[in-house]
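Please read these numbers as outputs of a predicted model, since none were measured by experiment.
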Amino acid sequence: MSGNGAAGEQPATFAFTPENLEKAQAILAKYPKGRERSGVLPLLDLAQRQQGWVSHAAIEEVGRLTGTPRMRVLEVATFYTMYKLSPKGRHHIEVCTNLPCWLRGSDEILRAVRDELGIEVGGETDDGLFSLAEAECLGACVNAPMLQIGDDYYEDLTYESVRELVRKLKVGEPVTPGSQSGRQGACPEGGPTTLKSFCTADKAGGSV
């Protein structure tokens, strides 16, 4: 997944908190000496979890800790859309609009977010609580349409269920990730169609 761009007001410096620096060092200890560059991705993720996004200063610090040129770290951060190179809302809503989700109604999912929050793709609410983006395939096609908020997927969505999800997030009510229709995992939408009962041994001791 690619296509991220750098923007936003940049802080002059970045430093991991003592707790996160300890985590960073534990991550780097997993790799052989001289292979610290392998820690670029998890350290960028750690920086984002601390700061809320990945600033140029954070990229510099990750480069320093891993012995990686700044440009190499920037190449990674701009390739993967999981890294946010500008501040986003506390709840950053990413609606998948790739083909399977589009065929299953992702236009209605985007409309639900727009109607509930009054923002367009790329926008952010005035209180900084929500921001909205389109996403390329997030790999949950069987439960389309879907969206991602933070680390969580919300699947089998409808216009109404998305508005209800956003309303709960607005007031801080708990929400449940996963299928919003009650589907278990990636089971068929209408329920099981095969293997509805377990095989049992016959009277002769053989198997059916």
Under 3.5 Å, is there a donor-acceptor pair linking the side chains of Asn143 and Tyr153? no

According to a 4.5 Å side-chain heavy-atom criterion applied to Ile, Leu, Val, Met, Phe, Trp and Tyr, with indirect links allowed, do Phe14 and Val76 form part of one hydrophobic cluster? yes

Would Asp107 and Arg114 pass as an ion pair if we require N to O under 4.0 Å? no

Near Gln184 CD, under 6.0 Å, is it more than 12 heavy atoms from other residues, nucleotides or ligands? no

Please check: side-chain N/O of Gln10 versus main-chain N/O of His56, any donor-acceptor pairing under 3.5 Å? yes

Please check if the number of heavy atoms outside Glu75 that lie under 6.0 Å from its CD is greater than 12. yes

Any salt bridge linking Arg163 with Glu160? Criterion: basic side-chain nitrogen under 4.0 Å from a carboxylate oxygen. no

Is there a side-chain contact between Val113 and Val162 (heavy atoms, below 4.5 Å)? yes

Do Met82 and Ile27 belong to the same hydrophobic cluster, where Ile, Leu, Val, Met, Phe, Trp and Tyr are linked whenever their side-chain heavy atoms lie under 4.5 Å apart, directly or via other members? yes

Decide if atom CG of Asp126 counts as having more than 12 heavy atoms of other residues, nucleotides or ligands within a radius under 6.0 Å. no

So, using side chain to side chain contact (heavy atoms under 4.5 Å, CB included) as the criterion, who are the partners of Thr68 when residues are at least two apart? Arg37, Val40, Thr66, Arg72, Val73

Side-chain ion pair, Glu189 and Arg104, N-O less than 4.0 Å: yes

Run Lys170 and Glu116 through salt bridge (charged side-chain N to carboxylate O under 4.0 Å, His left out) and show every step you take. CA-CA 10 Å; Lys170 280 181 178 178; Glu116 190 62 38; 3.0 Å; yes

Is it true that Thr97 and Glu134 share a donor-acceptor pair across their side chains at a distance under 3.5 Å? yes

So Arg167 and Val171, do their side chains get closer than 4.5 Å, heavy atoms only? no

Judged by atom type as modelled, is there a donor-acceptor pair below 3.5 Å linking the side chain of Gln50 to the main-chain atoms of Thr17? yes

Joint cluster assignment, Val95 & Leu103, ILVMFWY side-chain distance < 4.5 Å: no

Any link between Tyr154 and Val142 through a network of hydrophobic side chains (Ile, Leu, Val, Met, Phe, Trp, Tyr) touching at under 4.5 Å? no

Hey, are the side chains of Tyr159 and Ile109 touching, using non-hydrogen atoms and a 4.5 Å cut-off? no

Can you tell if the side chain of Ser106 reaches within under 4.5 Å of the side chain of Met146, non-hydrogen atoms only? no

Can any side-chain N or O of Lys84 pair as donor or acceptor with the backbone N or O of Thr81 at less than 3.5 Å? yes

Would Leu138 and Leu99 show up in the same hydrophobic cluster when neighbours are defined by side-chain heavy atoms closer than 4.5 Å? no

Distance-only donor-acceptor check, side chains Asn98 and Glu136, under 3.5 Å: yes

Determine whether Ile149 and Leu169 make a side-chain contact, defined as any pair of heavy atoms from C-beta on separated by less than 4.5 Å. yes

Test side chain to side chain donor-acceptor pair (under 3.5 Å), reference Ser131, set His91, Glu124, His92, output is His92

Does the Thr125 side chain pair with the main chain of Phe130, one donor and one acceptor, at a distance under 3.5 Å? yes

How long is the span from the NZ atom in Lys23 to the CG atom in Leu46, to the nearest 0.5 Å? 6.5 Å

Are more than 12 heavy atoms, taken from residues, nucleotides or ligands other than Arg111, located less than 6.0 Å from that residue's CZ atom? yes

Using a cut-off of 6.0 Å, state whether more than 12 heavy atoms not belonging to Arg35 lie near its atom CZ. no

